[in-house]
Amino acid sequence: MNDEHEARNAMAAIPLLAGYDGPVERLGGLTNLVFRAGDRCLRVPGKGTEEYIDRANESVAAREAARVGVGPEVFHADAATGLMVTRFIPGATTMTPEAFKRVAGAPARAGQAFRRLHDSGARFPARFELFAMIDDYLSVLSTKNVALPEGYHGVLGEAETVRAALAAHPLPTVACHCDPLCENFLDTGERMWIVDWEYSGMNDPMWDLGDLSVEAEFDAGQEEEMIRAYFGGEPKPAERGRIVIYKAMCDLLWTLWGLIQLANDNPAADFRAYADGRFARCRALMADPVFAASVTAVAEG
């Protein structure tokens, strides 16, 4: 079955789109199939995603994000099938690392979108807990025939100091996106919208900033633009330290996600290279003196 046939079959099961006979355009997506159908976006969940995605949480989070003006309007969200229909944002650029470098003010608008979300009072059903998710992903991988990168468990053991530092002075959890892949940001030039709430949950807000910096491959200037737009100035040393910590920890987590995609034969990318690359970047940052100083700053509060 080709992509358009799969989209048409999915649309037939959704009353809102059942009568639509206009053009269907395939959009991006690493794990899911996403299509434009007129002024709507249809998301068809990818193979195997039911193993690790809480669709009920996603449905609530997507509607909450729309309510607070960070995500597009949700017209249909079926927690059983994973099918979702949202409003298409016209005139928006789907972001990439290159677009974040090219489009003036984009890092700042992303920081402002995060601030709007984190300050909104929105409540998501799930809790995004880093080390619990690592354990969950390792459990999924224990049933697959895929090898972890050499040294993974050793680095995970080293991360116990990170766990202790983060727990010493925890920040109040807030509604977070938790998976700020560049392509999940749609920039109109005036406002940044965020889509794809599959991994969202109540979390330390600094996760979103650290993870986006990694995903967008921000240089120091771009990262500073995002941070200052978010805080309206200079953050506290412990806040900045948490961002650095999460830059490494998101790579530690998403290494495992990449291996699950590899095990599930996801053809969207070379997920062996993806996982190995993320793990190597995690190790490099954890070996940098800046990382140790950040852990100390966070532990001291």
Side-chain angles (χ1 to χ4, degrees), residues 3-4 6-46 49 53-96 99-100 103 105-106 109-126 175-201 208 212:
D3 289 349
E4 181 170 347
E6 188 156 356
R8 297 285 182 188
N9 284 345
M11 290 161 58
I14 302 171
L16 177 70
L17 293 177
Y20 179 80
D21 59 1
V24 173
E25 176 188 357
R26 173 75 193 273
L27 304 177
L30 271 180
T31 53
N32 303 310
L33 296 175
V34 183
F35 304 91
R36 179 183 180 182
D39 60 354
R40 306 284 193 266
C41 273
L42 166 68
R43 194 281 307 281
V44 180
T49 55
I53 298 296
D54 180 344
R55 294 294 178 197
N57 172 73
E58 180 200 17
S59 297
V60 173
R63 293 186 189 280
E64 278 287 273
R67 181 182 65 80
V68 303
V70 176
E73 184 179 359
V74 178
F75 297 108
H76 177 89
D78 189 325
T81 65
L83 293 173
M84 181 175 287
V85 180
T86 58
R87 183 176 298 283
F88 180 79
I89 305 295
T93 297
T94 299
M95 301 305 288
T96 62
F100 266 111
V103 179
R109 286 190 290 278
Q112 291 161 355
F114 280 145
R115 191 77 206 205
R116 187 179 304 118
L117 172 65
H118 296 164
D119 286 351
S120 69
R123 305 294 300 177
F124 295 166
C176 290
H177 184 272
C178 303
D179 182 33
L181 189 72
C182 291
E183 288 77 7
N184 291 336
F185 289 78
L186 309 177
D187 186 29
T188 67
E190 297 178 351
R191 185 173 189 169
M192 191 73 74
W193 296 87
I194 311 178
V195 299
D196 190 349
W197 298 87
E198 288 184 315
Y199 300 87
S200 60
D208 278 345
L212 177 60

At their closest point, which heavy atom of [X] faces which heavy atom of [Y], and how far apart are they?
X: Pro72; Y: Ala66; value: O-CB, 3.3 Å
X: Arg26; Y: Asn32; value: NH2-O, 3.8 Å
X: Ala175; Y: Ala122; value: CB-O, 3.5 Å
X: Leu212; Y: Ala110; value: CD2-CB, 3.7 Å
X: Trp193; Y: Gly69; value: CZ3-O, 3.9 Å
X: Phe88; Y: Pro90; value: O-CD, 3.1 Å

Do [X] and [Y] come within less than 4.5 Å of each other through their side chains, counting heavy atoms only?
X: His118; Y: Cys176; answer: yes
X: Val85; Y: Leu17; answer: yes
X: Thr188; Y: Arg109; answer: no
X: Pro45; Y: Ile53; answer: no
X: Met11; Y: Val24; answer: yes

Ion pair check, Glu198 and Arg55, cut-off under 4.0 Å:
yes
Rounded to the nearest 0.5 Å, what separates atom [atom1] in [X] from atom [atom2] in [Y]?
X: Glu6; Y: Leu42; atom1: CD; atom2: CG; result: 9.5 Å
X: Arg63; Y: Phe124; atom1: CZ; atom2: CZ; result: 13.0 Å
X: Trp197; Y: Ser59; atom1: CH2; atom2: OG; result: 13.5 Å
X: Glu64; Y: Asn57; atom1: CD; atom2: CG; result: 11.0 Å
X: Thr94; Y: Ile89; atom1: OG1; atom2: CD1; result: 10.5 Å
X: Met84; Y: Arg43; atom1: CE; atom2: CZ; result: 5.0 Å

Name all residues meeting the side chain to side chain donor-acceptor pair (under 3.5 Å) criterion together with Gln112; count only those two or more places apart in sequence or in a different chain, and write none if there are none.
none
Test side chain to side chain contact (heavy atoms under 4.5 Å, CB included) on Ser120 and Val70 and set out the steps.
CA-CA 10 Å; Ser120 69; Val70 176; over 6 Å; no
Looking at [Y], is its backbone amide N or carbonyl O close enough to the side chain of [X] to form a donor-acceptor pair, meaning the two atoms are under 3.5 Å apart?
X: Asp3; Y: Leu33; answer: no
X: His177; Y: Asp196; answer: yes
X: Asp208; Y: Pro180; answer: no
X: Arg115; Y: Leu117; answer: no
X: Arg191; Y: Ala113; answer: no
X: Asp179; Y: Tyr199; answer: no

Just to verify, which of Val195, Ile194, Thr93 counts as forming a side-chain contact (heavy atoms from CB on, under 4.5 Å) with Phe185?
Ile194
Arg40 NZ/CZ over Phe75 ring centroid, <6.0 Å and within 45° of normal
yes
